[in-house]
Amino acid sequence: MVQVKAKLQARELQGAVQFLRVASSSMAERLQPGQPVLIKVGWGHDPFLRRTFYPISLESDAFVIRVPPDADRGRAWLRMAPEGTELDCLGPIGAGFTMPTQAQRILCVGRGESSWWLLPFVNAASDRGLAVTLAVEATTRRQIIPARDLPLSVEYHVATRDGSVGDKGDLTPALPSLLRWADAVVAAGPMAFYQQLRYTIESTRTILTRGYAQVLVATEFFCGYGACQSCVADVAGGRRRVCLRGPVFDMVDVFRS
Amino acid sequence: MLNLAPHNKLGLDIQSPLIAGSGVVGFGDVWPPGLHAQDFGAIITAPISASPRVGAAQPRLVETPGGFLLNTGGHNPGFRRVIDRHRTTWRRLSTPVILSLVGGEPGDRAWMAAHLEPLEDVIAGVALPISEDVNLSEAAAFIAAVRRATPLPILAQLPVTRAAYLAKTVLIAGADALIVGAPPPGAYPVRQGFIEGPMGGPAVFPYTVRALRRLADLDLDAPLIAAGGIYTLDDALLCLEMGVSAVQIRGLIWRDPAEAHRLAINIRPFMPQVEEIDPGET
């Protein structure tokens with residue numbers, strides 16, 4: 001974990017959503033898919049807390065974060081910050097996704113905004129020559145990753161609740177066949193989504209085994225190094241600090257009581 | 001070198017007037033990038049209770065104007081496990097370690113203090129946070145009970161809004177130094193309801209300054225440690241000018257370790273100079 005001053009190098013707009021390219025080779029070279037970065041927002045002590053971002057693209061000397069519009073004044077500052085602004089970044093936090101050593105067919109599955117956080121893993125797995133399927137469900141097309149942002153080799157399934165893109169509804173009908181195909185799963189979404197995913201895995205493959213599914217337990221962090229205890233989650237048989245044990249957990253641990 | 005417990009035969013010597021507040025480095029086992037034990041005159045551990053506490057469920061943290069509100073619910077693995085896991089770490093640290101002991105049942109803190117005897121060469125003192133709602137006799141009773149249980153220096157952490165009211169009583173009961181103070185509790189709305197707990201951040205600093213002003217009028221014969229809302233060198237120097245021996249930081253380390261490191265370097269020349277007191281004189 002390092003604290004660096006990184007330059008806000010470029011801003012790309014897609015509607016109301018901003019994609020910010022943050023240049024810092026010392027941070028970028030440490031980041032693994034699924035690991036967040038904490039960015040200080042504002043010029044002084046207010047807003048006080050750093051904002052948590054899960055990069056959606058990792059390069060050798062920079063990373064990209066996605067900032068959708070919302071009412072948060074900290075992220076509003078970031079959206080207004082001019083290019084060239086020095087951003088105080090703390091990270092990477094905790095453990096990210098690990099590339100399964102035995103698997104050849106990987107299903108990446110996400111819901112809503114969180115599905116963007118799978119992109120670095122999707123790219124890394126595709127670069128390794130693994131067969132990757134990305135399945136995403138969202139409320140509307142605004143949250144959907146455009147197919148052009150994915151490697152050509154990645155198979156892409158989409159479901160939107162309003163039916164504006166892909167299947168209408170959610171991924172429930174598509175998941176059983178995808179899970180039968182996959183020999184590893186990587187997921188990002190809310191806990192309710194993981195419960196549904198676990199149920200489908202157990203009904204499709206009989207048993208959820210350790211090492212089969214990794215899930216990102218998204219939370220906001222304060223210190224990021226295990227001291228403040230603000231990021232605890234009830235996982236792995238207890239109330240654990242996500243910044244030390246996660247944020248990526250084996251799905252078996254997430255549901256271990 | 002400054003002694004934070006001049007009336008105690010064991011003393012509590014610190015090399016820097018900057019103290020890492022309760023839990024900012026966990027039990028001395030988790031450190032932010034760029035900060036080291038030698039940056040601090042002492043570290044205070046996360047709160048330790050006699051038995052394990054799972055702490056509060058989520059959400060625990062919310063941002064408030066000018067700060068934050070954090071309620072961990074006293075999350076800790078319990079006294080025995082903390083001692084077993086971390087005694088080796090404390091022995092290795094190059095700065096004094098102060099254990100923050102929190103109560104549950106009456107007598108818990110005295111029980112824990114009594115069990116520190118084998119560690120008296122490792123631990124420099126105990127910090128005892130006093131809650132907002134105790135009265136004078138309750139505060140005196142538990143400080144005195146801990147005093148009887150251990151010769152280690154006792155740092156009583158007073159609630160910032162009642163510091164002047166409690167100060168003399170806890171000193172008479174046996175405290176060696178006063179931490180001023182425990183941040184004021186607050187409540188703030190979140191999506192799931194409210195979070196209630198101690199406040200933090202620069203917004204708390206005026207409470208600390210007010211408490212220090214009131215304590216200055218009492219002419220106490222004990223070192224004071226300022227805590228709460230200290231985020232800049234100017235904040236720290238103001239506290240030192242008001243007569244404190246040391247300042248404690250917490251949120252600054254969590255938010256900005258590099259800034260905390262700069263403060264650790266810049267505050268060293270302002271180490272208060274005090275005359276050595278012979279413990280036999282008291």
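A note on names: the letters A, B, ... follow the listed sequences, proteins ahead of strands, and every chain is numbered from 1. Basis for what follows: all heavy atoms, side chains included, without hydrogens, waters or symmetry-related copies.
- Among the candidates B:I253, B:L252, B:V30, B:V25, the residue making the largest number of heavy-atom pairs closer than 4.5 Å to chain A is B:V30.
- Of all the listed residues (B:G251, B:A56, B:G26, B:P59), the one sharing the greatest number of non-hydrogen pairs under 4.5 Å with chain A is B:A56.
- In the displayed structure, B:Y207 atom OH is contacted under 6.0 Å by at most 12 heavy atoms of other residues, nucleotides or ligands.
- In the displayed structure, A:R11 atom CZ is contacted under 6.0 Å by more than 12 heavy atoms of other residues, nucleotides or ligands.
- For A:R239 against B:V54, the heavy-atom pair with the smallest separation is CD-O, 3.3 Å.
- With rounding to the nearest 0.5 angstrom, the CG atom of B:D256 is 13.0 Å from the SG atom of A:C223.
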Is there a side chain to side chain contact (heavy atoms under 4.5 Å, CB included) between A:H45 and B:T232? Walk through the geometry before answering.
CA-CA 10 Å; A:H45 287 298; B:T232 64; 4.3 Å; yes

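- Counting only distance, with no hydrogens or angles, the side chain of A:Q3 and the backbone of B:A258 share a donor-acceptor pair below 3.5 Å.
- The number of heavy atoms from other shown groups lying within 6.0 Å of CZ (B:R268) is above 12.
- Residues A:F48 and B:G67 come closest through the heavy atom pair CB-O, 3.6 Å.
- Within the model, atoms CD of A:E220 and CD of B:E63 stand 9.5 Å from one another, a figure rounded to the nearest 0.5 Å.
- Heavy atoms of A:V2 lying under 4.5 Å from chain B belong exclusively to its backbone.
- Looking at A:D234 and B:Q58, their side chains never come closer than 4.5 Å, going by heavy atoms from C-beta outward.
- The shortest non-hydrogen separation linking A:S230 to B:R60 is O-CB, 4.1 Å.
- Without hydrogens or angle criteria, B:R255 side chain to A:R50 main chain gives no donor-acceptor distance under 3.5 Å.
- Between the CZ atom in B:F68 and the SG atom in A:C228 there is a gap of 8.5 Å [rounded to 0.5 Å].
- For a residue to count as touching a neighbouring chain, one of its non-hydrogen atoms must lie under 4.5 Å from one of that chain's; by this rule A:L90 touches chain B with the side chain only.
- For a residue to count as touching a neighbouring chain, one of its non-hydrogen atoms must lie under 4.5 Å from one of that chain's; by this rule B:T64 touches chain A with the backbone only.
- Other residues, nucleotides and ligands contribute only 12 or fewer heavy atoms inside 6.0 Å of the CZ atom of B:R210.
- Identified by a heavy-atom distance below 4.5 Å to chain B, the contributing residues of residues 54-88 of chain A are A:R73, A:D88, in residue-number order.
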